[in-house]
A.B. asks: 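Have a look at this one before I ask anything.
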Amino acid sequence: MSPSVLSLRATPSRDERSVLERVNELIAEAARSNEFQRERLDDLVLRSLDDLRRVRPVDKDDLLADQQEHPPFGRNLTYGLERYVHLHQTSGTSGSTLRVLDTREDWAWWRACLHDVFDAAGVGASDLVALAYSFGPYVQFWASYEGAGAVGANRIALGGMDSVQRLETIREYSATTLVCTPSYAVRLAKVADQSGLKDALSSVTRIICTGEPGASLPVVRAQIETLWEASCFDHAGLSEVGAFGYPCAVAGGIHLNEREFVAEIVAPGSEDPVGPGEVGELIVTAIGRKGFPAIRYRTGDVVECCEDPCPAGHAGRWLPGGILGRTDDMVVIRGMNVFPSAIEQVLREFDEIGEFRITYYNEPAAMDEVKVEVELAQPNQGRAIQARLRTRLGLRVRIVPLQPGILPTDSGKARRVVDMRQPHRRHLSPDRRPR
Ligand SMILES: [Zn+2]
C-alpha cells in the first residue's frame, strides 16, 4: 500500500465503511450547526477517507484566535451552550489557554477511549488506580479517572497532596496502578527512597504515563520500570482532540485508536504524507466527538511512521517510539532532527547532574552546533556525557561543565533551551529521522 496515511492498513477491529459513514455524519452535523467548521467543510461528502484531504487542516492557534475573537468559548461549538456539561482548559500562559467544552455524549466517548487505554494496560476490577495529578481544569486527571472506572477498577485521587502524602496513601491502600507523567514517576520513586518510604512502591505493578513525551522511549521506560519494579505504559491525547493513543503492552510504544480517530502523519509544515521510517506531525480527526469537533487537527505531536504491525498483531497503527516530541521543539542540527527531550534524557542518566541549559548556535563556518552547559559535582563527568550523547544521538555536542548552583533553579523548559542561530536556519527537515 502507498504511504498515503489516510489509506491505513485494515485492522480486524476496523470497519472501513462504518468509519467513513461516521466521519460523514460528523461532517454533516458540523457543517449544519458549527460556525467554525462550516466554512471549512462546505457541502463535503466523502466517498473515501482520502477525500478528507480536501479539508484544510487547523491547529491550536486557529482555535485560540477564534476564541479571542469570540470569547470565551469561540465558535467551534455544534450545539447551544446548554448541551455542554464539561469545561476544561489547556495549560498555557494567558492568551494561549484554550477552553474546551464537552457534551454528555462526548464525555461518554472520552470515557470509552480511556477505557481502551486502561484495558490495554491490563487494568481491571481487582485493581486500585492511584492518580497523581492535581485537580484543576486540565482534562488529564478527569478523563483518566473515568477510564479507570470504565474498566471496573477502584480509584483514588491524589490531588492536593505532596509526594510523601501520595506515597503514604498508595501504601495504605496497596494501590496496584499509578497514573502520572513519566518525570513524576521518576521523582516519586526518588522521594520514596529519600523519605524511607520504599515499601510504598511494592504494591504497584504498573505505571500508566501520559502528559509528556518519554514513556515510550526505552531509556525512560527502563528507568521507571527499574525504580518501581513495575511495568510502564504510555498513552497519548490532547484536550482539544481526545485520547487517540493506547499502550502496546507487548512491545511498548502506543497504538493509534483507529476505531475512533482517522490519523495522518505528514511532513512538518506540509500536508504531504511521510513514508515508513520518516518522522512527521500527527493530524487527527476525532470521529465520535461532535460537540467540539477536531477535524483534520494538527496535533503538533511528532511521531515516526511505522508500517509494520506490532509483534503481537494488535489493532491500530503502531508507533513504537510513541510521541517523540513537539513540532515546536524539533530543530535540525547538521541534518539531524534533534529534540531537547532526547538530550535531557541522556543527561538524566547521570546521577549527579544539576541544572542544565541547551544552546543552539552557528559557528563562523555556518555549521549549526549544540552546546550544553550542565552543573556537575565532578567536572570530569563532562567527557562521559559527551561520549554518551554522541553514541545515543549520533551528534557531537559541546559540554560546558559548571559548578552546581550557577544556573537558575526555577527553569522551565523554555528557559532550558536557547536558540541563537540565524532565523532562516531554524526550519524543520521533513525527511530525516530523529536522533
Ligand atoms: Zn501492540
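Start at 1 and go down the list; that is how both ligands and their atoms are numbered. For clarity, every value in this text was computed on a predicted model and none was experimentally measured.
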A.B. asks: Looking at T181 and Y133, what are the two nearest heavy atoms and their distance?
C.D. replies: N-OH, 4.1 Å
A.B. asks: Using atom types as modelled, flag every donor-acceptor pair under 3.5 Å from a side chain in residues 230-247 to any protein atom, sequence neighbours excluded.
C.D. replies:
| unit_1 | atom_1 | unit_2 | atom_2 | d |
| --- | --- | --- | --- | --- |
| D234 | OD2 | S216 | N | 3.4 |
| D234 | OD2 | S216 | OG | 2.4 |
| H235 | ND1 | C209 | O | 3.0 |
| E240 | OE2 | Y297 | OH | 2.8 |
| Y246 | OH | A315 | O | 2.5 |

A.B. asks: For the Zn ion (ligand 1), check which protein N, O or S atoms are under 2.8 Å away and list them.
C.D. replies: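 The answer is C248 SG, H255 NE2, C310 SG, H314 ND1.
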A.B. asks: Can you check whether G316's main-chain N or O pairs, donor with acceptor, with H255's side chain at less than 3.5 Å?
C.D. replies: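 Flag set: sc H255 to bb G316 pair under 3.5 Å.
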A.B. asks: Can you pull out every salt bridge (charged side-chain N to carboxylate O under 4.0 Å, His left out) where at least one residue sits in residues 37-49? Sequence neighbours excluded, please.
C.D. replies: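 Listed by first then second residue: E39-R75, R47-D51.
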A.B. asks: Which atom pairs, one a donor and one an acceptor, fall under 3.5 Å between side chains of residues 113-120 and the rest of the protein, sequence neighbours left out?
C.D. replies:
| unit_1 | atom_1 | unit_2 | atom_2 | d |
| --- | --- | --- | --- | --- |
| D116 | OD2 | N257 | ND2 | 3.4 |
| D116 | OD2 | R259 | NH2 | 2.6 |

A.B. asks: Do E264 and R296 sit within salt-bridge range, that is, some charged N less than 4.0 Å from a carboxylate O?
C.D. replies: yes
